[in-house]
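So the structure is just underneath, and the comments pick up after that.
Excluded from the calculations below are hydrogen atoms, water molecules and symmetry mates; all remaining heavy atoms, backbone and side chain alike, are included.
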Amino acid sequence: MKILVINAGSSSLKYQLIDMQDEKVLAKGVCERIGIDGHFTHKTDDGKWEFDVAMPDHTAAFEQVKLALTKGEGKVIDNLSEVSAIGHRVVQGGSKYDRSVLLTDEVIADIKAFASLAPLHNPAHVQGFTAATAAFGPDIPQVAVFDTAFHQTMPEKAFMFGVPYEYYEKYDVRRYGFHGTSHRYVTDRCLKLLGKVEGTRIITCHLGNGSSIAAVKDGKVIDTTMGMTPLDGFLMGTRCGAIDPSVVTFLMEKENLTPAQMDAVMNKKSGMQGISGVSSDDRDIAAAVKEGNPRAKLAWDMRSYQIIKYVAGYVAALGGLDAIVFTAGIGENSSALRAEILEGLAFLGVKVDAEANAQRGEEKEITTPDSAVRGFVIPTNEELVIARDTRDLVEG
Ligand code: ADP
């Protein structure tokens with residue numbers, strides 16, 4: 001069975017075609033600048049093809065994907081009918097969806113309704129569904145896999161915000177958490193490495209451009225750093241993370257900013273970028289720190305400090321800690337940040353294995369055998385989770 005995994009954004013569409021027999025990625029790529037000018041990239045084992053091509057909308061983008069999969073040098077299938085199902089990443093599933101589901105009219109209506117909570121993402125996903133149906137026909141099964149689903153086990157005391165209760169009732173204002181598919185993947189791997197589920201207390205750190213941490217007890221999330229939107233938590237590439245909420249109203253008044261402008265400041269101009277003035281990319285920040293740039297160092301130190309505080313708080317929430325997992329671009333690659341976080345947990349009896357931690361990008365235990373808590377790097381694979389869920393739902 002071959003499954004096409006789709007991640008549709010407002011101006012981009014990422015895809016992977018996975019053969020479920022051996023879970024091999026046959027092809028992957030991305031349509032960028034949809035509705036602007038259009039840039040297409042397609043990769044297989046045999047090579048990479050990249051070109052500019054007009055893609056006025058998501059349907060046009062799907063046409064390019066179809067062509068790339070079935071024709072020319074990058075072709076990996078003879079016919080579209082070889083694709084058995086399509087799995088879509090969906091950012092916001094509200095309080096209703098605690099697992100992946102087959103796309104029906106009702107599910108699509110719900111995803112549209114949750115757009116008020118994810119205005120940049122959910123409408124784009126709906127465009128992705130429509131374009132997929134146009135490209136593959138109405139009979140192909142399609143599945144929605146929600147970023148929020150894995151966090152739905154959080155208790156009320158963790159997901160409620162201390163604003164009047166009526167806003168929860170009226171507008172569903174609460175913590176949802178994101179990156180759930182990634183936290184779920186690395187949790188499953190970690191539980192396998194621990195050899196048990198019941199009685200386990202783990203913390204999963206997804207550290208990428210966007211970053212979040214989850215506290216997982218007995219395999220279920222009990223708390224996570226991202227909130228109603230992916231802005232909450234700690235310093236990210238361009239997002240501020242948690243700040244005193246009064247800073248928002250104060251700056252809006254002082255700088256005469258609209259809500260949309262303030263939103264852009266917090267989402268796009270803050271975080272590592274905003275503090276360092278160097279870049280949002282961690283490699284640039286690390287290089288600037290090495291060169292002695294004081295603001296890059298400040299950004300780096302702020303993030304480590306905030307992460308250690310969250311992790312230590314979650315240890316209390318979990319009543320102890322068996323394992324901590326690092327994943328995503330920074331978590332998998334930055335041995336310096338991992339070492340700093342683990343050293344910050346030395347009071348728990350955490351002992352870093354410096355040699356193991358120096359390696360990058362592969363699944364690895366990075367603490368010593370006598371460490372009181374086991375530390376792991378586990379490369380994430382959200383597309384594989386989406387493909388597996390899609391297969392499971394299609395096979396019933
Ligand atoms: P997202 O999926 O949220 O866009 P990723 O998980 O791909 O982000 O992570 C991107 C981040 O990972 C960037 O800040 C990048 O600098 C960082 N990163 C990638 N490779 C390395 C590396 N070798 N060392 C340190 N950081 C890295």
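One distance of note links CD1 of Ile111 with NE2 of His125; it measures 8.0 Å at 0.5 Å rounding. Atom CD1 in Ile203 sits 4.5 Å away from atom CG in Leu321 (nearest 0.5 Å). For the atom pair Arg239 CZ and Gln273 CD, the distance stands at 13.5 Å (nearest 0.5 Å). Interatomic distance, CD of Glu255 versus CD of Gln261, reported as 10.0 Å (0.5 Å rounding). Asn209 contributes atom CG, which lies 11.0 Å from atom CE of Met236 (distance to the nearest 0.5 angstrom). His39 contributes atom NE2, which lies 13.0 Å from atom OG of Ser12 (distance to the nearest 0.5 angstrom).
Ala339 and Val352 get closest at one heavy-atom pair: O-CG2, 4.4 Å. Considering all non-hydrogen atoms of both residues, Thr238 and Asn267 come closest at OG1-O, 2.7 Å. Between Arg295 and Gly274, the shortest heavy-atom contact is NH2-O, 4.0 Å. Shown here for Lys2 and Ile77, the closest heavy-atom pair between the two residues is CD-CG2, 3.8 Å. Here the shortest heavy-atom pairing between Val76 and Thr44 reads CG1-CG2, 3.8 Å. Between Tyr176 and His151 the shortest heavy-atom distance is O-CB, 3.1 Å.
Within 6.0 Å of CG in Asp370 there are more than 12 heavy atoms belonging to other residues, nucleotides or ligands. Counting non-hydrogen atoms of other residues, nucleotides and ligands closer than 6.0 Å to CD of Glu73 gives a total of 12 or fewer. No more than 12 heavy atoms of other residues, nucleotides or ligands lie within 6.0 Å of CD in Glu355, so this atom counts as exposed by the packing criterion. Atom NZ of Lys297 sits in a sparse spot, with 12 or fewer heavy atoms from other residues, nucleotides or ligands closer than 6.0 Å. The 12-atom threshold is exceeded at CG of Asp244, counting heavy atoms of other residues, nucleotides or ligands nearer than 6.0 Å. Within 6.0 Å of CD in Gln21 there are 12 or fewer heavy atoms belonging to other residues, nucleotides or ligands.
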>> Please determine whether side-chain contact (heavy atoms from CB on, under 4.5 Å) holds for the pair Phe234 and Ile213, giving the CA-CA distance in whole Å, both sets of side-chain angles, and the decisive distance to 0.1 Å.
In response: CA-CA 9 Å; Phe234 48 94; Ile213 299 177; 3.5 Å; yes
> Would Leu13 and His58 satisfy side-chain contact (heavy atoms from CB on, under 4.5 Å), going step by step from the backbone distance to the final call?
Replying inline: CA-CA 8 Å; Leu13 188 145; His58 287 71; 4.0 Å; yes
>> I'd like to know whether Val394 forms a side-chain contact (heavy atoms from CB on, under 4.5 Å) with Met1, so could you lay out the CA-CA distance, the side-chain angles of the two residues, the decisive distance to 0.1 Å, and finally the verdict.
In response: CA-CA 10 Å; Val394 167; Met1 177 188 267; 4.0 Å; yes
>> Determine whether Tyr171 and Ser116 satisfy the following criterion, side-chain contact (heavy atoms from CB on, under 4.5 Å), listing intermediate values before the conclusion.
In response: CA-CA 9 Å; Tyr171 306 118; Ser116 63; over 6 Å; no
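Proximity of Thr41 to Glu32: side-chain heavy atoms (C-beta onward) are separated by under 4.5 Å at one or more points. At a threshold of 4.5 Å between non-hydrogen side-chain atoms, the residues Leu4 and Leu69 count as touching. Side-chain contact between Ile366 and Phe376: absent, with no pair of heavy atoms (C-beta onward) separated by less than 4.5 Å. Residues Leu191 and Thr200 meet the side-chain proximity criterion, which asks for heavy atoms closer than 4.5 Å. Using a 4.5 Å heavy-atom cutoff, the side chains of Met20 and Glu395 are not in contact. Annotation: side chain of Tyr185 is not in contact with side chain of Thr327 (no heavy-atom distance under 4.5 Å). Annotation: side chain of Glu365 is in contact with side chain of Arg374 (closest heavy-atom distance under 4.5 Å). The shortest distance between side-chain heavy atoms of Ile18 and Val25 falls below 4.5 Å.
Met272 and Tyr310 fall within the same hydrophobic cluster, where Ile, Leu, Val, Met, Phe, Trp and Tyr residues are linked whenever their side-chain heavy atoms come under 4.5 Å apart, directly or through other members. Criterion: ILVMFWY side-chain heavy atoms under 4.5 Å apart, direct or through other members. Under it, Leu207 and Trp300 are part of a common hydrophobic cluster. By the criterion of side-chain heavy atoms lying less than 4.5 angstrom apart, applied directly or through intervening Ile, Leu, Val, Met, Phe, Trp or Tyr residues, Leu102 is not grouped with Ile108; the two fall into different hydrophobic clusters. Placement of Val247 and Val265 within a single hydrophobic cluster is found when ILVMFWY residues are connected by side-chain heavy-atom separations under 4.5 Å, directly or transitively. In terms of hydrophobic clustering, with Ile, Leu, Val, Met, Phe, Trp and Tyr side chains grouped at heavy-atom distances under 4.5 Å, Phe114 and Leu103 are assigned to a common cluster.
Using a distance-only test at 3.5 Å, with no hydrogens or angles considered, no donor-acceptor pair links the side chain of Arg174 to the main chain of Met228. One N or O on the side chain of Gln152 and one on the backbone of Gly94 form a donor-acceptor pair closer than 3.5 Å. In this structure a side-chain-to-backbone donor-acceptor pair under 3.5 Å is missing from Asp263 to Pro259. A donor-acceptor pair under 3.5 Å is absent between the side-chain atoms of Ser334 and the main chain of Gly331, judged by distance alone. For Thr70 (side chain) and Lys66 (main-chain N/O), a donor-acceptor pair under 3.5 Å exists by modelled atom type. Listed for the Arg189 side chain is no donor-acceptor partner under 3.5 Å among the backbone atoms of Ile378.
When each of Asp389, Asp98, Asp147 is checked for a salt bridge (charged side-chain N to carboxylate O under 4.0 Å, His left out) with Arg184, only Asp389 meets the rule.
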Tell me which donor-acceptor pairs under 3.5 Å the side chains of residues 130-140 have, and how far apart each pair is, sequence neighbours excluded?
{"from": "Thr130", "atom 1": "OG1", "to": "Val126", "atom 2": "O", "distance (Å)": "2.9"}
{"from": "Thr133", "atom 1": "OG1", "to": "Phe129", "atom 2": "O", "distance (Å)": "2.8"}
{"from": "Thr133", "atom 1": "OG1", "to": "Gln142", "atom 2": "NE2", "distance (Å)": "3.0"}

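With hydrogens and angles left out, the side-chain atoms of Asn79 and Ser81 include a donor and acceptor closer than 3.5 Å. Under 3.5 Å, the side chains of Arg89 and Thr181 contain no donor-acceptor pair of N or O atoms.
The existence of a salt bridge linking Asp218 and Lys220 is excluded, since no basic side-chain nitrogen approaches an acidic carboxylate oxygen closer than 4.0 Å. The pair Arg303-Asp282 meets the salt-bridge criterion, since a charged nitrogen lies less than 4.0 angstrom from a carboxylate oxygen. Here Lys96 pairs with Glu106 in a salt bridge; the nearest charged N to carboxylate O distance falls below 4.0 Å.
Residues meeting the salt bridge (Lys or Arg N to Asp or Glu O under 4.0 Å) test with Lys43, sequence neighbours left out: none.
Classified by interplanar angle (parallel below 30°, tilted 30° to 60°, perpendicular above 60°), the ring pair Tyr168/Tyr165 is perpendicular. The aromatic rings of Tyr15 and His42 sit parallel to each other, their planes meeting at less than 30°, with 60° as the upper class boundary.
Within the structure, ring pair (Phe, Tyr, Trp, His ring centres under 6.0 Å) contacts touching residues 193-232 (residues at least two apart or in different chains) are His179-His206.
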